[in-house]
Amino acid sequence: MRLTLRVWRQKNAGADGAMSTYEVDGISPDMSFLEMLDTLNEELILKGEDPVAFDHDCREGICGACSLVINGDAHGPERTTTCQLHMRSFEDGDTIDVEPWRAAAFPVVKDLVVDRSAFDRIIQAGGYITAPTGSAPEAHATPVPKPDADAAFEHAECIGCGACVAACPNGAAMLFTSAKVNHLGVLPQGAPERESRVLDMVAQMDAEGFGGCTLAGECATACPKGIPLFSITRMNREFVRAARKAR
Amino acid sequence: MTRTLWHSTVGKKAVMAVSGLIMLAYLVVHMFGNLKIFFGPDTFDAYAHWLRTIGEPFMHYEWTLWVVRVVLVAAVVAHATAAYQLSRRDLRARPDRYVHRRPRASYATRTMRWGGVILGLFLVWHLLDLTTGTVHAGFRPGHPYENVVATFSTWYGNAVYLLAMLALGLHVRHGFWSAAQTLGAGSRTRDRLLVTLANLLALVLTLGFIAVPVGVMTGLVS
């Protein structure tokens, strides 16, 4: 495959960025999108140019490190992570636009790499349980109804990649935050902090400069893990409940 | 609790949802009242007069009406203030646009902000036109039937009204469903019901309100 890439290049956080055009040839349809970028970078290095910086880690679709907006879609045209997106999703001769996540709370570090530490601080604000953990407890000591376990697992699938923020027209982190709030909130282990968790995490989300939710639904469409939009509905319910009970 | 709500994006949306639902409930009642115009000037004017006597003898003449007005003004102010503050925040949260652009979300969702501004401006005109009569040449207090017919006998009266009612339909379509999500009433199993209800409300309100100018234009009401 022969492709034309238009990639966002930005030297550092303070510099102005711009789209740069590159031609790549000899791309196999079985390559992942990241392997295609590796091919481009090899060529750039051989030519003595600065390779394109992009985040990646496991390349198995489970770590949440990769983060590219491809042709206007977070993680590209398929509902998966960029590392699991293959070049067979594109046609020979295509022009592909590659941009970083765009949000005030996710400043660009370099090229396609953005700083997502705002997510870490949201987790630090309440995305945990305070019970002392250790070795795995006896499985039947705390009964968990099957529907609750399923709901918790559905939300626990969130890998914190930030595609929801990138896709949201308001740069909101509602889907991420709600996935974390609900994941722990529906389980008995998370019950003691049920109120403080949602209040603190939403407060931190707001403090980081994320936007608000207008129910556009773009986040849930972009989410590679299929976190449902109703996750946000559930967090809204939890938030109002917690605000009412707040001491 | 009020502080917690007003100082967070989630809580402010809850304020918008509740104030929006109050206005929506009023609009449904308002629309049914409007349709009385098809039963002639006597029925319509008598209905308009009755509105001032609701709650008598417990409530004095026009008291109930003023309570409703105060609640509605409070709802409009809360809704608009929260919308303005949240919109400012949303625009700040996404300062850089994508180079590769595509339309995001549905038409009704994308037009919520400007649609809301249009509805606000319409509301001012509507009150000056048919409540106070300030911008209404030859306004006769106590004769609503005559005033309504006069308004919809002008091209601009019709144009402003029709545009505003289309904006209303779009606003309600996304707004009602959104309010349900914001207040935590939505779920996977209930979504079809909520979407249907939102579309039905939008359609019925728009058609119901538009029926009046159309009635005047076609000569059914004169």
Side-chain angles (χ1 to χ4, degrees), chain A residues 6 8 17-19 69-74 95-100 102-105 108 165-174 177-178 198-199 202-203 205-206 208-218 221 228-230 232-246, chain B residues 1-18 82-83 85-113 116 174-191 194 198:
Chain A
R6 299 202 303 160
W8 182 263
M19 298 294 269
V69 171
I70 301 158
N71 285 340
D73 289 316
T95 299
I96 305 172
D97 289 336
V98 191
E99 298 172 74
R102 289 289 187 204
V108 173
V165 176
C168 176
N170 310 323
M174 289 285 282
T177 310
S178 66
V198 63
L199 293 177
V202 168
M205 177 186 89
D206 288 349
E208 295 292 344
F210 289 106
C213 182
T214 50
L215 276 313
E218 293 287 334
T221 311
L229 190 59
F230 300 114
I232 292 177
T233 311
R234 194 173 191 145
M235 179 173 76
N236 289 337
R237 185 162 62 226
E238 285 292 308
F239 184 86
V240 175
R241 178 184 170 278
R244 222 175 46 226
K245 294 183 96 178
Chain B
M1 176 194 165
T2 325
R3 276 184 71 84
T4 315
L5 285 178
W6 188 253
H7 289 287
S8 81
T9 50
V10 176
K12 220 166 258 193
K13 272 303 289 261
V15 171
M16 286 190 73
V18 171
Q85 293 178 352
L86 285 170
S87 298
R88 282 277 308 266
R89 186 192 174 86
D90 292 348
L91 295 175
R92 268 204 310 272
R94 169 55 86 67
D96 302 302
R97 288 167 175 271
Y98 288 110
V99 175
H100 190 108
R101 287 168 74 176
R102 59 170 184 81
R104 290 190 185 268
S106 71
Y107 187 73
T109 312
R110 278 182 281 131
T111 51
M112 284 306 271
R113 287 180 189 139
H174 183 67
F176 178 79
W177 180 82
S178 282
Q181 309 308 321
T182 303
L183 296 175
S187 73
R188 234 181 230 118
T189 45
R190 218 177 291 156
D191 197 49
L194 287 170

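Atom set for the values below is all heavy atoms of this structure, side chains included, hydrogens, waters and symmetry mates excluded. Residue numbers begin at 1 in each chain, while the letters A, B, ... track the order of the sequences.
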Legend entry - Between A14(B), S187(B), G186(B), the one whose heavy-atom pairs under 4.5 Å with chain A are most numerous: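 Most pairs with chain A among the choices: S187(B).
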
Inset, instruction - Heavy atoms only, distances under 4.5 angstrom: which of D191(B), T4(B), T9(B), L183(B) has the most pairs with chain A? Name it, please. - result: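 Ranked by heavy-atom pairs under 4.5 Å with chain A, first place is T9(B).
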
Heavy-atom pair of closest approach, residues [X] and [Y]:
| X | Y | value |
| --- | --- | --- |
| A103(A) | P95(B) | C-CD, 4.4 Å |
| A93(B) | G209(A) | CB-O, 3.3 Å |
| A216(A) | T109(B) | CA-CG2, 3.8 Å |
| R94(B) | V165(A) | NH2-O, 3.7 Å |

Inset, instruction - Under 4.5 Å heavy-atom distance to chain A, tell me which part of A185(B) shows up: side chain, backbone, both or neither. - result: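 Contact with chain A involves the backbone of A185(B) alone.
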
Legend entry - Heavy-atom contact with chain A under 4.5 Å, split by part of H174(B):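 Just the side chain, heavy atoms under 4.5 Å.
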
For [X], is it the side chain, the backbone, both, or neither that has a heavy atom closer than 4.5 Å to a heavy atom of chain B?
| X | result |
| --- | --- |
| A166(A) | both |
| M205(A) | both |
| F239(A) | side chain |
| L199(A) | side chain |

Could you measure the distance from the [atom1] atom of [X] to the [atom2] atom of [Y]? Nearest 0.5 Å is fine.
| X | Y | atom1 | atom2 | answer |
| --- | --- | --- | --- | --- |
| R188(B) | T233(A) | CZ | OG1 | 10.5 Å |
| Q181(B) | R234(A) | CD | CZ | 13.5 Å |
| R97(B) | R102(A) | CZ | CZ | 12.5 Å |
| R102(B) | E218(A) | CZ | CD | 5.0 Å |

Inset, instruction - Ignoring hydrogens and angles, state whether a donor on the side chain of D206(A) or S8(B) is under 3.5 Å from an acceptor on the partner side chain. - result: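 Note: D206(A) and S8(B) side chains miss the donor-acceptor criterion.
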
Legend entry - Check: V69(A) and H100(B) side chains under 4.5 Å, non-hydrogen atoms: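 Side-chain contact under 4.5 Å: no.
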
Inset, instruction - Answer yes or no: is there a side-chain heavy-atom contact under 4.5 Å between L215(A) and T182(B)? - result: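 Touching, per the 4.5 Å side-chain cut-off.
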
Legend entry - Full working for side-chain contact (heavy atoms from CB on, under 4.5 Å) between T214(A) and R113(B): CA-CA 10 Å; T214(A) 50; R113(B) 287 180 189 139; 4.0 Å; yes

Inset, instruction - Check for a donor-acceptor pair, side chain of K13(B) on one end and backbone N or O of G212(A) on the other, with a separation under 3.5 Å. - result: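 Checking the backbone N and O of G212(A) against the side chain of K13(B), no donor-acceptor pair under 3.5 Å is found.
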
Inset, instruction - Identify which of D73(A), N71(A), L229(A), I232(A) forms the greatest number of heavy-atom pairs closer than 4.5 Å to chain B. - result: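 Maximum pair count with chain B is reached by N71(A).
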
Legend entry - R241(A), CZ: over 12 other non-hydrogen atoms inside 6.0 angstrom: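 Enclosed.
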
Legend entry - Residue list, side chain to side chain contact (heavy atoms under 4.5 Å, CB included) with A82(B), at least two apart or on another chain: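 Only W6(B), K12(B), M16(B) meet the side chain to side chain contact (heavy atoms under 4.5 Å, CB included) criterion with A82(B).
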
